Amino acid sequence: MVASLCGAAVTACGDDGTGDGEREPVRIDFAATVRGQPAACGITLSGLGAGGTDVQLADARLFVSNLELRDAEGVWQPVNLNEDGAWQLSDLALLDFEDGTGSCSDSGSPETRTWVEGTAPAGAYRGLRLTVGVPFERNHLNADTSPAPLNVGSMFWAWQGGYKFVRVDWRIMDPQGDVPRWNIHVGSAGCVSASPLDPPEAECGRPNAARIVLPDFELDDTVQIDLQALVADVDLSSNMTMSPPGCMTNVMEAQDCDPVFDAMGLSFETGRCTENDCTSQGWISHD
């Protein structure tokens, strides 16, 4: 079945008044899950990861950009996101699945965001593609002066490295463990500039932006992000010595980052998808 934009996830249909031809509003819903259930702060998850560690979710946020829908002729049409002053710019959005309670209280916030909304040319669609990441031209701005959602300091490293495209943190519940947390912070690496406070002029050596293609997606589907899959082959109770807990995308952290990047369909060595896109591992799907 080919889904029309005037489906269950859409509030209204018609011209958006831009003068660029008839467009229709579109909303795409997302969900973060663990073992098929909604990811939530403050709930102990037993036996997670390769080491069977008891954990609680401490953070779950990511940027998505360059969203496109495939029309009935097989042409990918860009979704122009609504700039809302909080969660979206025209070409990117921040998704936030944590609510700042319990185990998420130290880095999270009460507000959540589990959808994107914008417009696309009027028509019928089947298929979605997007990038988990921030476009290079926006990735190395000053977070203190950038418009929302690029003003969220906890999703930013520095001008040189840019933003954390994915932030998924876990609190370790076993007091005998080696680390109190195991954090996944994925962003661009191998960025060359005069100092950490200077933006690079050319694309980073390891972009680490995951391109996702869901060819059978319909607009009443929900994009599913499997947080368990990211750590399925990680021992969350241990960490490389002399390194921050978890995977911070540093080139010296291959032991901690390799299984995370494998789960995302990315090569930790090159920062690019191991196949034509980063969808094959199934960490992002739809229902």
Side-chain angles (χ1 to χ4, degrees), residues 1-33 38 61-97 111-139 146-150 163 165-166 209-226 265 273 275-280 282-287:
M1 180 179 70
V2 177
S4 168
L5 282 176
C6 301
V10 181
T11 57
C13 292
D15 194 327
D16 69 352
T18 63
D20 295 329
E22 185 180 2
R23 299 182 67 87
E24 294 177 341
V26 57
R27 167 171 161 156
I28 300 171
D29 289 299
F30 293 77
T33 64
R61 286 176 281 180
L62 58 86
F63 285 102
V64 294
S65 59
N66 299 323
L67 286 88
E68 298 173 295
L69 293 165
R70 188 173 57 191
D71 66 20
E73 286 72 43
V75 178
W76 291 98
Q77 300 288 352
V79 177
N80 295 340
L81 299 179
N82 302 333
E83 298 203 0
D84 59 10
W87 299 103
Q88 300 187 169
L89 293 171
S90 62
D91 58 348
L92 69 84
L94 175 63
L95 299 172
D96 189 340
F97 302 100
E111 300 81 13
T112 62
R113 179 70 165 199
T114 61
W115 70 90
V116 300
E117 54 190 3
T119 63
Y125 291 91
R126 181 173 181 143
L128 169 70
R129 63 185 185 185
L130 57 86
T131 298
V132 178
V134 176
F136 174 77
E137 58 271 15
R138 292 191 185 273
N139 192 34
S146 292
L150 295 177
Y163 289 86
F165 302 159
V166 176
R211 189 62 169 163
I212 302 297
V213 181
L214 303 175
D216 297 321
F217 176 85
E218 298 181 359
L219 283 168
D220 54 359
D221 292 344
T222 297
V223 179
Q224 303 285 340
I225 302 167
D226 186 349
C273 297
E275 299 185 11
N276 290 334
D277 57 69
C278 292
T279 313
S280 60
W283 70 291
I284 294 184
S285 60
H286 65 95
D287 63 12

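For the single chain, residues carry numbers from 1 onward in sequence order. All values reported here derive from a predicted model rather than from experimental measurement.
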Open item on the list: Minimum heavy-atom separation for Pro78 and Glu68, please, with both atom names.
Closed with: CA-CG, 4.0 Å
Task: Side-chain donor or acceptor of Glu83 paired with backbone N/O of Ser90 under 3.5 Å - done: yes
TODO: Spell out, as yes or no, whether a donor-acceptor pair under 3.5 Å connects the side chain of Thr131 to the backbone of Asn66.
DONE: no
Task: Under the side chain to side chain donor-acceptor pair (under 3.5 Å) test, residues paired with Thr222 that sit two or more places apart - done: none
Task: Partner set under ring pair (Phe, Tyr, Trp, His ring centres under 6.0 Å) for Phe136, not counting sequence neighbours - done: His140
Task: With Asp226 via salt bridge (Lys or Arg N to Asp or Glu O under 4.0 Å) - residues at least two apart - done: none
Open item on the list: For Asp277, is there an ion pair with Arg129 - N to carboxylate O distance below 4.0 angstrom?
Closed with: no
Task: Expected output: side-chain Gln224 to main-chain Ser285 donor-acceptor under 3.5 Å - done: no
TODO: Without swapping roles, check the side chain of Arg70 against the backbone of Pro215 for a donor-acceptor pair under 3.5 Å.
DONE: yes
Open item on the list: If you define the side chain from C-beta out and look only at heavy atoms, does anything of Val116 sit under 4.5 Å from Gln88?
Closed with: yes
Task: Contacts of type side chain to side chain donor-acceptor pair (under 3.5 Å), residue Asn276, not counting sequence neighbours - done: none
Task: Spacing of CH2 belonging to Trp76 relative to CG belonging to Leu69, to within rounding of 0.5 Å - done: 7.5 Å
Task: Residue pair Gly265 / Cys278: nearest heavy atoms and the distance that separates them - done: O-SG, 3.4 Å
Open item on the list: For Ser65 versus Gly133, what's the shortest heavy-atom pair and its separation?
Closed with: OG-O, 2.9 Å
- [ ] Identify the heavy atoms of Pro149 and Leu92 that sit nearest to each other, and give their distance.
- [x] CG-CD1, 3.8 Å
- [ ] Provide the full list of salt bridge (charged side-chain N to carboxylate O under 4.0 Å, His left out) pairs with a residue in residues 113-122, sequence neighbours left out, each pair given once.
- [x] Asp84-Arg113, Arg113-Glu117
Open item on the list: With a 4.5 Å cut-off on side-chain heavy atoms, are Leu130 and Ile28 touching?
Closed with: no
Open item on the list: Are the side chains of Asp71 and Pro121 in contact, using a 4.5 Å heavy-atom criterion?
Closed with: no
- [ ] Go through the structure and list residues passing ring pair (Phe, Tyr, Trp, His ring centres under 6.0 Å) with Phe63, not counting sequence neighbours.
- [x] Tyr163
- [ ] Could you point out which residue of Ile225, Leu95, Ile212 forms a side-chain contact (heavy atoms from CB on, under 4.5 Å) with Val132?
- [x] Ile212
Open item on the list: Quick check for you: to the nearest 0.5 Å, what is the distance between Asp216 atom CG and Leu128 atom CG?
Closed with: 11.5 Å
Task: OG1 on Thr112 to CH2 on Trp87, rounded to 0.5 Å - done: 7.0 Å
Task: Qualifying residue, where the test is side-chain contact (heavy atoms from CB on, under 4.5 Å) with Thr119 and the options are Leu81, Asn80, Val26 - done: Asn80
Open item on the list: Minimum heavy-atom separation for Cys273 and Ala210, please, with both atom names.
Closed with: SG-CA, 4.4 Å
Open item on the list: Taking the side chain as everything from C-beta on, heavy atoms only, tell me whether Phe97 gets closer than 4.5 Å to Thr114.
Closed with: yes
Open item on the list: How long is the straight-line distance from CZ of Arg27 back to CG of Asn82, given to the nearest 0.5 Å?
Closed with: 12.0 Å
